[in-house]
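The next block holds one structure in the form of structure tokens; read it before the comments.
Values below: all heavy atoms of this structure, side chains included; hydrogens, waters and symmetry mates excluded. Because the structure is a prediction, the values reported are computed rather than measured.
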Amino acid sequence: GNQELFPCEVCGRRFAADVLERHGPICRKLFNKKRKPFNSLKQRLQGTDIPTVRKAPQPKAQPMRKSNWRHQHEDFISAVRAAKQCTLAMKEGRPLPPPPPPSTNPDYIQCPYCKRRFNETAANRHINFCKNQSSRRVFDPAQTAAKLASRTQGRPQMSPKKDPTVTRAVGTLLQNRALEGPSVVSNES
């Protein structure tokens with residue numbers, strides 16, 4: 001118990017001289033290694049039937065699209081100018097000028113079947129749908145006329161319109177007014 005204790009150079013703990021000789025190399029070896037972080041989830045799930053939770057794969061980085069702020073700015077300025085011309089025409093009583101042409105977004109993809117424009121994800125869905133629809137709907141004038149003729153043959157002929165009937169309550173009201181005599185109603189202009 002009366003031995004002199006010497007501090008370790010690495011961890012600072014105190015040991016006897018003979019123990020410090022054995023402790024020194026082990027302490028240096030431990031402190032040079034980087035310690036792995038402790039995973040408590042893995043230890044808790046060890047020995048159970050619960051599968052380990054895996055991290056979702058990182059989504060692929062979207063390619064940076066070129067900013068089209070200048071195009072948007074020009075569209076905005078033209079819309080403001082058109083609105084000013086419209087309000088000026090309304091104040092002066094002139095006919096309204098034609099509206100400015102709609103601007104098209106260069107990032108949108110045009111459907112080859114219906115010529116509408118969509119963003120990339122919507123275009124992928126829509127083009128497949130529109131392709132199926134266009135293959136089903138082939139316009140044939142002779143076929144359309146035949147369909148219309150077959151529809152009209154099955155229907156009964158429509159009778160001419162009947163005059164509206166007067167209900168009992170409205171009939172008695174009209175009779176009472178007729179018995180009272182002409183009422184004085186003047187429409188002066």
Side-chain angles (χ1 to χ4, degrees), residues 37 39 41-42 45 50-174 177-178 182-189:
N39 187 351
L41 175 67
K42 187 176 179 182
L45 296 179
I50 301 171
T52 58
V53 178
R54 294 184 182 175
K55 290 183 181 178
Q58 292 289 334
K60 294 179 181 176
Q62 293 286 335
M64 292 299 291
R65 292 192 177 174
K66 191 176 175 184
S67 175
N68 58 352
W69 67 267
R70 183 168 285 134
H71 187 267
Q72 290 174 343
H73 180 68
E74 289 169 0
D75 288 345
F76 176 70
I77 288 174
S78 65
V80 169
R81 285 182 182 150
K84 284 182 181 180
Q85 288 177 353
C86 185
T87 54
L88 183 64
M90 288 171 60
K91 284 181 183 178
E92 294 176 355
R94 292 184 288 134
L96 296 177
S103 64
T104 57
N105 190 337
D107 295 337
Y108 284 2
I109 300 168
Q110 188 172 15
C111 174
Y113 302 101
C114 66
K115 305 299 184 217
R116 290 164 53 200
R117 296 178 155 270
F118 300 93
N119 69 17
E120 190 174 340
T121 55
N124 291 337
R125 289 191 316 254
H126 171 81
I127 290 173
N128 291 334
F129 171 78
C130 205
K131 181 179 180 182
N132 293 338
Q133 290 297 316
S134 66
S135 65
R136 287 187 207 155
R137 288 185 279 143
V138 176
F139 181 72
D140 184 15
Q143 190 178 28
T144 308
K147 282 183 183 178
L148 288 174
S150 67
R151 286 183 190 166
T152 56
Q153 287 175 355
R155 290 186 187 162
Q157 292 294 328
M158 292 185 63
S159 58
K161 275 192 167 180
K162 295 180 183 175
D163 290 332
T165 57
V166 178
T167 61
R168 183 176 286 164
V170 173
T172 55
L173 181 67
L174 290 173
R177 284 190 180 168
S183 61
V184 180
V185 178
S186 63
N187 288 339
E188 295 180 21
S189 297

Task: side chain to side chain contact (heavy atoms under 4.5 Å, CB included) against N39, all qualifying residues, sequence neighbours excluded - done: L41, K42
Task: Partner set under side chain to side chain contact (heavy atoms under 4.5 Å, CB included) for P97, not counting sequence neighbours - done: Q85, A89
- [ ] Give every residue pair that meets the ring pair (Phe, Tyr, Trp, His ring centres under 6.0 Å) criterion with at least one member in residues 103-134, sequence neighbours excluded.
- [x] F118-H126
- [ ] For residues A123 and I109, report the shortest heavy-atom separation together with the two atoms involved.
- [x] CB-CB, 3.9 Å
With rounding to the nearest 0.5 angstrom, report the [atom1] to [atom2] distance, [X] to [Y].
X: F76; Y: R81; atom1: CZ; atom2: CZ; value: 11.5 Å
X: N128; Y: Q133; atom1: CG; atom2: CD; value: 12.0 Å
X: R116; Y: I127; atom1: CZ; atom2: CD1; value: 11.5 Å

Task: Pairwise salt bridge (charged side-chain N to carboxylate O under 4.0 Å, His left out) hits with a residue in residues 117-135, at least two apart - done: R65-E120
Open item on the list: Tell me every residue that passes side-chain hydrogen bond (donor to acceptor under 3.5 Å, both in side chains) with D75, counting only those two or more places apart in sequence or in another chain.
Closed with: H71, S103
Open item on the list: Listing request: all side-chain hydrogen bond (donor to acceptor under 3.5 Å, both in side chains) pairs with a residue in residues 89-99, at least two apart in sequence or in separate chains.
Closed with: E92-R94
